[in-house]
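Encoded as structure tokens, the structure appears first; notes follow it.
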Amino acid sequence: MSATRPLHLAAEIGGPPRYDARSHIALARLAEGGALDFVTLNDSFARPGPDALAVLAHVAPATTRIGLVPTVTTTHTEPFHVSSAVATLDWVSKGRAGWQADVSTTEAEARLFGRRPAAPASTLWQEAGEAADAGARLWDSWEDGAEIRDVATGRFIDRDKLHYVDFEGSTFSVRGPAIVPRPPQGRPVTVIDATSGPAREAAARHADVAYVRATSPEQAAALRDELRRSAAAHGRDPDSLRVLAALTVDLGDAETTPEPGLGSGPQLAGRGTYFRGGPVDLAEVITQWHRGGAVDGFHLTPITPERDLERIVNGTVALLQHRSLFRTFHPGGTLREHLGLGRPANRYTLTSTSGATS
Amino acid sequence: MKQMHLAAHFPGVNSTTVWADPRSRSQIDFTSFEHLARTAERGKFDFFFLAEGLRLREHNGRIHDLDVVGRPESLTVLNALAAVTERLGLAATVNATFNEPYELARRLATLDHLSEGRAAWNVVTSSDAFTGENFRRGGYLDRADRYTRAAEFVSTARELWDSWTPDGTSRPFAHSGQHFEISGEFTVPRSPQGHPVVIQAGDSDEGREFAASTADVIFTRHGTLEAGRTFYADVKARLKKYGRQPGDLKIMPGVTVVLGGTDEEAQQNAAGIRRQQVSPQNAILALEQVWGRDLSSYDPDGPLPSVDPDPGSSLVQGRVRVADPLAVAARWRELSEAKGLSIRQTVIESTARQSFIGAPETVAAELEKFVAEDAADGFILVPHLTPGGLDDFVDRVVPLLQERGSFRSEYTGSTLRSHLGLTEPVWKG
């Protein structure tokens with residue numbers, strides 16, 4: 001398959017915990033200057049660091065184009081609150097929000113809440129999928145144009161365009177409708193790291209963007225095909241799913257010692273795929289994988305964000321742009337536009353339209 | 001002269017926001033929040049205040065459609081506002097019934113870090129199974145339990161905020177109580193204010209006691225001088241038993257202001273706003289809230305219903321209930337007969353009125369009087385227009401207060417605690 005698909009690039013801006021706003025804003029602006037699709041900020045309840053969604057909400061007014069994707073966990077949180085917060089991130093960023101759904105598997109995290117014991121990943125990923133599903137329904141629960149401000153009848157909204165979602169999950173239920181009107185993107189972008197088996201199933205069903213980890217383009221292509229087939233089996237258009245290779249990158253080495261050696265470096269957290277070398281070497285890897293059509297793009301986690309993100313943007317990305325493999329600016333305004341994903345039709349509008357014509 | 005505190009409430013979901021006014025703009029676009037917050041900061045206000053919504057209101061089993069509805073999640077908006085303001089305090093209303101201490105303490109500490117010490121939490125509670133239908137915990141907490149949970153929630157959050165030493169060392173925490181049994185390590189270091197400012201809203205005896213024991217600010221609804229003085233004396237007197245000083249709890253009623261070039265013009269403006277707020281449809285709705293019956297067939301320009309209210313009605317959901325509908329109906333009938341008022345006119349006469357009406361000089365003097373006579377320590381202004389409803393006040397009243405020396409001309413500190421004259425909480429590691 002030839003590389004006719006646009007290349008998508010995203011970068012993590014976390015790293016060691018920082019609680020001030022300036023460093024996060026600086027990194028997001030750097031990524032924005034490189035026309036990256038989005039930045040991510042990893043999060044969990046179990047390790048030092050500020051609330052990621054809050055940080056990216058703070059970054060929103062200080063940036064204009066870059067997508068903003070915090071990790072939001074689904075195990076000890078309320079799906080209704082999560083959907084409201086992510087929708088609000090979309091409002092404050094004018095359509096640049098996403099969220100990476102994740103689970104909390106440890107007993108230590110469970111003790112922070114004291115509501116339920118730790119559970120197996122498969123159970124938690126099923127629940128995460130339900131949280132994503134409930135969230136999407138809540139985002140749809142206001143049809144576009146529900147706010148009518150009709151002075152003649154005194155009605156601010158058309159109540160027929162607001163919908164109860166009546167979601168019944170295995171561990172929660174939500175009545176709805178949302179408090180937050182349908183956000184600018186219709187639905188903010190849902191990201192799931194599809195590395196583990198149970199997460200892969202949730203990604204195939206619910207994600208707009210899925211990460212895979214592979215040590216060769218062939219392996220990445222196989223994972224992408226699997227996700228697309230699975231998405232299709234769930235009744236989705238496989239082209240509505242973007243599959244990015246997740247790569248941890250260390251660009252601290254000099255350009256003269258190229259070590260593309262994927263898989264040969266140390267494994268991070270037992271599941272990272274690690275790249276060590278120079279920015280030009282990284283551009284080579286990306287070019288090679290993308291030319292082969294293995295993936296739709298890359299999610300890069302720099303091991304030292306201040307140093308490596310600068311090298312990614314001014315070295316790797318600049319070279320990819322020079323080769324016309326990557327855009328030089330954001331042609332659209334929303335994250336969905338960067339990703340080439342359409343604004344989802346509202347399921348309730350479809351229902352009421354088909355009801356009206358039948 | 002006793003200094004007053006000022007805060008701005010973003011007029012979100014309520015029946016007093018005049019959305020039909022041509023000057024009214026979006027209640028959800030970030031530009032609206034930014035406009036009001038920047039206006040408040042230009043006026044050197046202490047803080048900006050956001051309410052929250054957890055379930056859309058219903059009327060007669062259907063979603064209520066007459067008022068402004070649809071609002072963002074408050075902490076997320078405030079984190080964004082922290083990037084476009086520098087000194088203004090940022091207060092989020094967050095329910096203590098449908099949240100958990102660990103997560104909320106972390107979100108509040110994050111806001112305090114990102115805003116460099118400007119975060120506040122307005123603690124509210126719910127006993128409402130209607131709202132609970134959107135949450136895992138679902139069910140019902142009775143009135144007493146919701147306050148014991150809220151009190152334990154606040155003290156648990158403070159344990160978490162104190163689990164980092166001021167010099168930046170994290171220590172494990174363990175809390176075991178009636179409502180929460182949690183332990184581990186808090187992931188956010190002590191924030192610039194130590195503890196974000198705690199605001200409490202509520203007028204019941206339990207609410208007052210809760211505020212006296214633990215809050216930094218109490219948000220009230222007492223609009224008249226006498227009611228304000230009585231409330232002020234009562235709440236301040238409760239502080240002593242908790243070892244607190246009168247200055248440790250600021251009393252800030254939510255008030256509305258209507259200005260005009262003259263007092264007479266202001267009165268005319270106020271009457272016009274009342275007519276806008278009580279549309280014919282809203283007049284019938286207000287009547288149904290008291291009567292607990294479907295009165296949609298009544299003419300708003302006609303007389304009040306002769307039928308009596310239904311005290312056991314479940315017509316209204318997600319709104320404050322009328323405590324004694326029979327007594328309210330009797331009062332409204334008396335007023336209507338005495339003055340020959342229609343339904344709409346009766347509702348306009350009977351329901352919430354503007355607190356301060358007059359030329360800027362008149363309003364400035366009245367505000368100062370409330371503060372000087374211990375009816376309030378300051379005010380939370382609730383404009384009726386989004387987002388420009390505060391512009392006139394900041395341009396025309398604030399300069400007078402500053403000239404007269406009752407309100408700051410510049411921020412002297414950078415944290416919300418410093419604006420409010422509150423001391424740094426003592427670390428209790």
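Here is how names work: the chains are called A, B, and so on, in the same order as the sequence lines, proteins then strands, and each is numbered from 1.
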Can you tell which part of A:Glu109 gets under 4.5 Å to a heavy atom of chain B, answering side chain, backbone, both or neither? neither

Name the region of A:Ala87, side chain, backbone, both or neither, that has any atom closer than 4.5 Å to a heavy atom of chain B. neither

Taking all non-hydrogen atoms of both residues, which atom of A:Val151 and which atom of B:Ala20 are closest, and how far apart? CG2-CB, 3.9 Å

Who wins among A:Glu147, A:Arg111, A:Lys94 for the most heavy-atom pairs under 4.5 Å with chain B? A:Arg111

Is B:Ser279 in contact with chain A via its backbone, its side chain, both, or neither, using a 4.5 Å heavy-atom distance? neither

Salt bridge between A:Arg22 and B:Glu116, side-chain N to carboxylate O under 4.0 Å? yes

Smallest separation among heavy atoms of B:Gln281 and A:Ala152, with atom names: NE2-O, 3.8 Å

Taking only heavy atoms into account, what residues of residues 112-121 of chain A are found under 4.5 Å from chain B? A:Leu112, A:Phe113, A:Gly114, A:Arg115, A:Arg116

Any donor-acceptor N/O pair, B:Asn79 side chain to A:Ala57 backbone, under 3.5 Å: no

Applying ring-ring contact (aromatic ring centres under 6.0 Å, His included), run through B:Phe135 and A:His81 and close with a yes or a no. CA-CA 9 Å; B:Phe135 299 98; A:His81 289 324; 4.8 Å; yes

Below 4.5 Å, heavy-atom pairs only: which of A:Asp20, A:Ile25, A:Asp51 has the largest tally toward chain B? A:Asp51

Using a cut-off of under 4.5 Å on heavy-atom pairs, state which of A:Trp142, A:Tyr164, A:Phe167, A:Phe80 scores highest against chain B. A:Phe80

Interface residue of largest heavy-atom contact number with chain B, from A:Pro50, A:Ala60, A:Ser93, A:Ala21, under 4.5 Å: A:Pro50

Do A:Ser173 and B:Arg136 get their side chains close enough for a donor-acceptor pair, meaning under 3.5 Å? no

Distance in Å, A:His58 NE2 paired with B:Leu114 CG, rounded so as to fall on 0.5 Å steps: 5.5 Å

Is a side-chain N or O of B:Tyr102 found less than 3.5 angstrom from the main chain of A:Phe45, in a donor-acceptor match? yes

Against chain B, label A:Ala46 side chain, backbone, both or neither, depending on which of its atoms sit under 4.5 Å from a heavy atom there. backbone

Which atoms of A:Ala178 approach chain B - backbone, side chain, both or neither, heavy atom under 4.5 Å: backbone

Looking only at heavy atoms and a cut-off of under 4.5 Å, which of B:Asn99, B:Leu160, B:Leu111 has the most pairs with chain A? B:Asn99

Just by modelled atom types, is the B:Ile63 backbone N or O under 3.5 Å from a matching donor or acceptor in the A:Arg159 side chain? yes

Measure the spacing between CG of B:Leu54 and CD1 of A:Ile179 and express it to the nearest 0.5 Å. 6.5 Å

What option among A:Asp158, A:Thr153, A:Val59 has the most heavy-atom pairs under 4.5 Å with chain B? A:Thr153

Which of A:Val180, A:Leu53, A:Val86 passes side-chain contact (heavy atoms from CB on, under 4.5 Å) with B:Thr76? It is A:Leu53

Under a 4.5 Å heavy-atom cut-off, does chain A meet the side chain of B:Leu78, its backbone, both or neither? neither

Mark yes or no for whether A:Thr88, through its side chain, and B:Pro72, through its backbone, hold a donor-acceptor pair below 3.5 Å. no

Considering all heavy atoms, the nearest B:Asn134-A:Gly176 contact: OD1-N, 2.8 Å

Determine, for A:Asp43 against B:Arg106, whether the closest basic-nitrogen to carboxylate-oxygen distance falls under 4.0 angstrom. yes

